[in-house]
Each structure stands twice: as structure tokens, then as C-alpha cells.
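Only a predicted model underlies this, so the values are computations on that prediction, with no experimental measurement involved.
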Amino acid sequence: MEDLKTKLAWLNQEDSIDFIENKVGKEPWITVYLSHKSDFEDIGFFCALIPNSKIEDVLNNYSWDLRIGSGMPGCITYGGKDSVTKYFRFGNDDGIEPLVLCRDFYGIKPSYQEVSEEFCLFHNLFYDSKNNKYLKFDEDGNEEDIILLDDKEVKIKLKEIKQFIAFKEMHLAVYFDIIRYSNKTLEELGIDENQEIPKKEKMLYHLSIAKFDYSMIESHRTISLLIGKKLIEGVSKVESGIWPYEKQKEHTDFIIGVDENGENIIHSCDPKKLANYFGANPGAPHYLTPIFFRREVLNKYFANPEKFSIGDGHLRCSGLWGLRMDNNHEKYVMVFLGDLGQDLSSKEQLYWKNFNITPDGDKISKVAWKRGFLAEFADPEKADLLFKYKFELFQKKWIKEFGWPLFKPLTTEDQHYYIALRIPLSNDQAEFDQQVLALAKVFIDSLNEECLKNFIPPKGKDEKGISKFEMFLTVEGLNDFQQHIKFLRDFYDLRSSGVGHRKGKKYEKIAATFQLAERDLIVVFEDILKKAIMLLQYLEERLLINDECNLNTSGNGS
């Protein structure tokens, strides 16, 4: 009895109707194309864009208004003898448009589905060909899946559809055609042939159950057909969040100082609520109030060098936004209060707030003071920023002097080592090892051995890396470079024994050389960078005579 009841529910398509009525258009994703077949079921979903003025007409008929494969550009001829032919972008004159285009090439090439280019352009979607999906990027550069495609199904985020049809002043019609078969006859099921055409709010369908006489498959004795449509309306344009109806940015409070009791004083970073040099908001904190953050705030950005770049005095998120900052400060990262509100999104402000600390009497760095308030050029002070500044100038001058780079440019796949090269943000062994590897890639592994060997005797051509560089210096007539070669060899051993292989006795020995047990790893790596800078300066003074790119030339590093 229970089995018969289940079969009747199956043929009555109770689950299908419930899904379409209560789930379609009410969940984050909506299926706009589906073709699925199994032994006892064929499921088809499709969609179209219906002008709002056509809604009443469309709901007078349960049949599909646009067939799969339709909606391509084409012509319509009107009249008889004096006929007129007109071209239509979507092949019809009723204003109905496809959202999904089913491309077919007659078996010569594989067929596939694609989503309306207008929809993709409206949301500025990027096609990820590796994963066959479309992505959207928010104001912080975070990617979000919007369209998922495969051979049998296309799914789109409902929010983006509702935004799109709001501005087009259309509805989305979701069409469904679901066929089910039973191995029981109508007599065995105890029912007669029947059909019904229910109409609900913006939903109309036709359900019929009948004897199936055309099947060569013995198990197909009864057929159930559910066909119809459901219309989804867009959001209000005003509530869409699409320009010019974007939501007003919310601004976060940050610590700007302490009161007489030592309690934190906080204030909004909204630039419209801050004082400036033009008399705005008297008595309010100034736009240029320095706000301090733990240096770990930069971890997020260093960890994603493909999206973010951190330079001397600035942070950038691709072409989306940029933020001025003082990362030359000895202990912290400083950003002006107004810049936090002006340049960062609400989400990004909340992220920075997690690292906000009480000023504790700290001032901005000398570099930031000279550049920002005295309008003077100033080299960076932090060893990592200074190293990159000196390194890039050195490379230019060496090439001009010798015609080839001393350090070969990193490959595209290795560029992230240089971009993320920094003084460790915390006293963490893993981060220290990561930075040792990064500097070794840039400074030792990249030594241009192919060009160096052209300057040394034949017997030295088989030497490797540092030894070949040492011979080059000798051939160039230098004899006071041993401390720099020792530094390179020690650093190479640190990388090889501690990062490239399991740490053991060899690592313990080189760790003693760098005093890793006695000093913070942050300080150790900062000293390593300083020694690398000293080597660049040594080579500059001894071998490079072109003054146009002098390493000591002041600049703001921007």
C-alpha cells in the first residue's frame, strides 16, 4: 500500500511542484538551464526575459514562450505581395529575450550553452575558462562565483539576476518540462487519465497523467507530464545597490588617543566628519590624525601578491584601490584617519580595526614626516623597503655598466617571492623560513652565472654560484670582498640546512652563526637584509662608475 502511495505521489509530481513553487527564485542560486535524463525521468529547465508589460499575456498560457535554441538574431517577414522584412536582435518582435543561448553546430563541433553577453557586461563578469564559470569582483578584489556552467546545467546567482531584470524592467520566466514514467498501468495504480491546469501567483502549469502506448520499453506503462512556467520579478532599483543606487558606505571608529583616565578615545573615520585645513568640522579630529596598527595587519596582503602590492609608503589592491601608509615606522603601521575612511571599503575598515592599537605616544616615522609634511624626498628606512629600493636601482645601473643583469629577473611563477619579501611581521619560525627562501631566490639563486663565466678563466667556468661570483670579483681586481662572500655562503647554508632540507646538526651550527637562539627572528632577518644592502653598496662603489643611477640618490620609493 505504501509503495502504491509513493508511486502516485511520484506521478503527481508533488515534489517537483513543491520545489518549483517554494524553492525556485527563493534560494541563492537558480537553475536557468537543465537537461537531465534517466530511466524513468526526463527533466528540462529553461528561461527567458519577459517585458513587464507582457506578464499578463504570458500567464494566460502554460506553454513556453521561448524554445531552447531560439532567441538568436534573425528576420521576420510581414505581409504578402508587398511584404516587408525586418531584422530583430532576438529573432522575435514580442520583446522576449533569452538569458541562456544554446549553441549548436550540427554535430560538426560540440554544442554548449552561454549566458547573455549583456548580463555578463552588466555585472562586469570574468570568464574563468579553467573552471567554466563566471566571476565577479567586489570593491576589495574578492572574487565571487556568479555563473556555473556544465554540459547539462547552468546556474546563476539569484541576486545578480534580480538586479539585472530590475534595470531592464523585465521578469525572469523559468520554464519547466518534467516527464516521468511508471512501470504500473493506470488500472494497477487504480486511477484514470487526468489533467489539471492550476494557476498560482506568477506560476502556471499543466499536469497530465495518461496511459503510455508508444513505448518499446516494457517498464514504461504510464506517463506523467508537468509543463509550465514561473515568473521571478526583480528587486527595486533603489534597493539594487547598482549605481546610481549604491548603498552608502558605513564608516568604522578607530582609536585616536586616550582620555585623562587612560581610556581609549574613538572616532569615526568618515572624512565628512573630520576637520581639515579648510575649516570643516571645527573641534573634530583632523583628517591627518595618525592611527596606529600592529604590523601583522599586512599579513593578509603579503599572502596574496597576485592581488595586492605593498611598497614604500603604500598598499594597493590591483587597480581597485590604494592606501597611503607609513610602513617605515619602527614598530607599527600608521595610516591617517581620513585615508582609512576615504580609501577603504567598510569591510576592509573592519579588518584593519582588528589590529588598531592605542597610540602610546608614538609618532609617525621621520620618512613619513619629511615626505608628507616637509615635501622633501627621503629614502625608506625599514630594511626591507630600503633593500628593494636599492636593489632595483642597482640592477638598472649594473645593466647600464655591463650590459647584463647581475641578478637574473625572476620568472613570472617566482615573482611572488620578491613581492612578498619583507621583514617578518612576527617572531615566527615558519615566516622566517619563508623570508629566507624568498631572499635566497632573489639574491643567490638568481646570480647570473651564464654571464659571469664570460669574465673568468676557463678553469673556473665549472664553479657554481657564489664561487663563480667570487672569481669574477677577483678578476675585476677586487681584494676586500671576503666579508661579503662569507655572508653569502653563511646565508646560503642557512637556506639549505634550514629551509631546503630537514633541520639537523648543520642547521644548529649555522643557527649559532646568526645567533638565532639569542635574538628575535625579526631582528635576525633585518640584519640579513642590511648585509645584503651593504654588498650592493660595496659593488656600487667598486665597480659601477655611472652616476646617473647612484644608489645614494634620494627618493620617496613610490
Side-chain angles (χ1 to χ4, degrees), residues 18-34 45-52 54-55 58 65-66 71 95-102 113-129 131-150 152-176 200-203 229-250 307 317-318 320-321 344-351:
D18 177 70
F19 171 76
I20 295 165
E21 183 176 359
N22 298 309
K23 298 293 181 64
V24 172
K26 298 179 181 180
E27 295 185 320
W29 289 89
I30 184 167
T31 296
V32 292
Y33 171 84
L34 176 65
F45 274 79
F46 195 53
C47 67
L49 301 174
I50 311 294
N52 290 343
K54 296 275 187 180
I55 298 305
V58 165
D65 309 289
L66 190 73
I96 295 176
E97 302 177 14
L99 181 61
V100 177
L101 297 162
C102 299
Q113 288 70 47
E114 62 183 41
V115 176
S116 161
E117 184 177 21
E118 183 183 2
F119 177 83
C120 296
L121 292 173
F122 181 83
H123 288 293
N124 193 29
L125 303 183
F126 169 77
Y127 178 56
D128 177 358
S129 58
N131 299 295
N132 199 22
K133 62 183 181 180
Y134 284 84
L135 309 172
K136 184 171 77 170
F137 300 93
D138 66 15
E139 57 190 341
D140 295 319
N142 301 310
E143 63 182 49
E144 179 185 2
D145 293 346
I146 302 299
I147 303 174
L148 304 177
L149 306 102
D150 63 35
K152 301 296 183 182
E153 185 175 17
V154 178
K155 298 173 70 175
I156 303 180
K157 277 282 180 68
L158 180 65
K159 176 183 176 181
E160 278 64 28
I161 288 182
K162 282 179 166 283
Q163 291 172 325
F164 180 60
I165 59 179
F167 282 86
K168 287 183 68 68
E169 298 183 352
M170 304 181 91
H171 276 57
L172 176 73
V174 179
Y175 304 118
F176 47 91
K200 302 181 180 181
E201 184 180 2
K202 294 191 175 181
M203 177 176 170
K229 66 187 73 169
K230 180 178 183 180
L231 271 60
I232 312 296
E233 65 178 321
V235 296
S236 163
K237 291 181 185 178
V238 176
E239 299 296 325
S240 67
I242 302 293
W243 189 90
Y245 306 106
E246 295 169 301
K247 295 181 180 178
Q248 188 173 0
K249 181 164 74 173
E250 297 179 0
K307 184 191 300 183
C317 175
S318 300
L320 288 168
W321 54 264
L344 297 182
S345 69
S346 300
K347 288 182 181 179
E348 212 67 17
Q349 290 173 27
L350 290 172
Y351 169 76

Rounded to the nearest 0.5 Å, what's the gap from [atom1] on [X] to [atom2] on [Y]? Could you check?
| X | Y | atom1 | atom2 | value |
| --- | --- | --- | --- | --- |
| Y33 | L149 | OH | CG | 11.0 Å |
| D150 | K133 | CG | NZ | 13.0 Å |
| M170 | I55 | CE | CD1 | 8.5 Å |
| I147 | E114 | CD1 | CD | 10.5 Å |
| K162 | E233 | NZ | CD | 6.0 Å |
| Q248 | S346 | CD | OG | 9.5 Å |

Counting heavy atoms not belonging to [X], are there more than 12 under 6.0 Å from its [atom1]?
| X | atom1 | value |
| --- | --- | --- |
| E246 | CD | yes |
| K152 | NZ | no |
| E239 | CD | no |

What are the two closest non-hydrogen atoms of [X] and [Y], and how far apart are they?
| X | Y | answer |
| --- | --- | --- |
| C47 | L66 | O-CD2, 4.3 Å |
| Y175 | K229 | CD2-CB, 3.6 Å |
| A173 | L231 | CB-CD1, 4.0 Å |
| W29 | I156 | CE3-C, 3.5 Å |
| K230 | I20 | NZ-O, 2.9 Å |
| D138 | L320 | O-CD1, 3.7 Å |

Worksheet item: When you look at H123 and Q163, which way does the side chain to side chain contact (heavy atoms under 4.5 Å, CB included) test go after all the steps?
Response: CA-CA 9 Å; H123 288 293; Q163 291 172 325; 3.2 Å; yes

Worksheet item: Is the backbone N or O of E169 less than 3.5 Å from a side-chain atom of K237, with the two atoms forming a donor-acceptor pair by type?
Response: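 Absent.
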
Item to complete: Answer yes or no: is there a donor N or O on one side and an acceptor on the other, between the side chain of Q349 and the main chain of L344, under 3.5 Å?
Response: yes

Discussion item. Can you list everything that forms a side chain to side chain donor-acceptor pair (under 3.5 Å) with E27? Sequence neighbours excluded, please.
Written reply: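 Residues passing side chain to side chain donor-acceptor pair (under 3.5 Å) with E27: none at all.
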
Is any side-chain heavy atom of [Y] closer than 4.5 Å to one of [X]?
| X | Y | value |
| --- | --- | --- |
| K307 | C317 | yes |
| L125 | L135 | no |
| K155 | T31 | yes |
| K136 | K157 | no |
| V24 | I30 | yes |
| L99 | I161 | yes |

Item to complete: Please lay out, stage by stage, how L49 and S116 fare under the test side chain to side chain contact (heavy atoms under 4.5 Å, CB included).
Response: CA-CA 11 Å; L49 301 174; S116 161; 5.8 Å; no

Worksheet item: With the threshold set at 4.0 Å, does a side-chain nitrogen-carboxylate oxygen contact exist between K26 and E21?
Response: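 Result for this pair is no, no salt bridge flagged.
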
Worksheet entry | Carboxylate-amine/guanidinium proximity below 4.0 Å for D140 and K347 |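 Salt bridge: no.
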
Discussion item. Could you go through F46 and C102, starting from their C-alpha distance and side-chain angles, then the distance that decides it, and tell me whether this counts as side chain to side chain contact (heavy atoms under 4.5 Å, CB included)?
Written reply: CA-CA 10 Å; F46 195 53; C102 299; 4.0 Å; yes

Practice prompt. Could you tell me how the ring of F119 sits relative to the ring of F164: parallel (under 30°), tilted (30 to 60°) or perpendicular (over 60°)?
Written response: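 The arrangement is perpendicular - the two ring planes meet at more than 60°.
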
Worksheet item: Is the F137 ring parallel, tilted or perpendicular to the F126 ring (thresholds 30°, 60°)?
Response: tilted

Discussion item. Pairing donors with acceptors under 3.5 angstrom, does anything connect the side chains of N132 and Y127?
Written reply: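 Yes.
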
Practice prompt. Run the numbers on E348 and W321 for side chain to side chain contact (heavy atoms under 4.5 Å, CB included), then give the verdict.
Written response: CA-CA 11 Å; E348 212 67 17; W321 54 264; 4.1 Å; yes

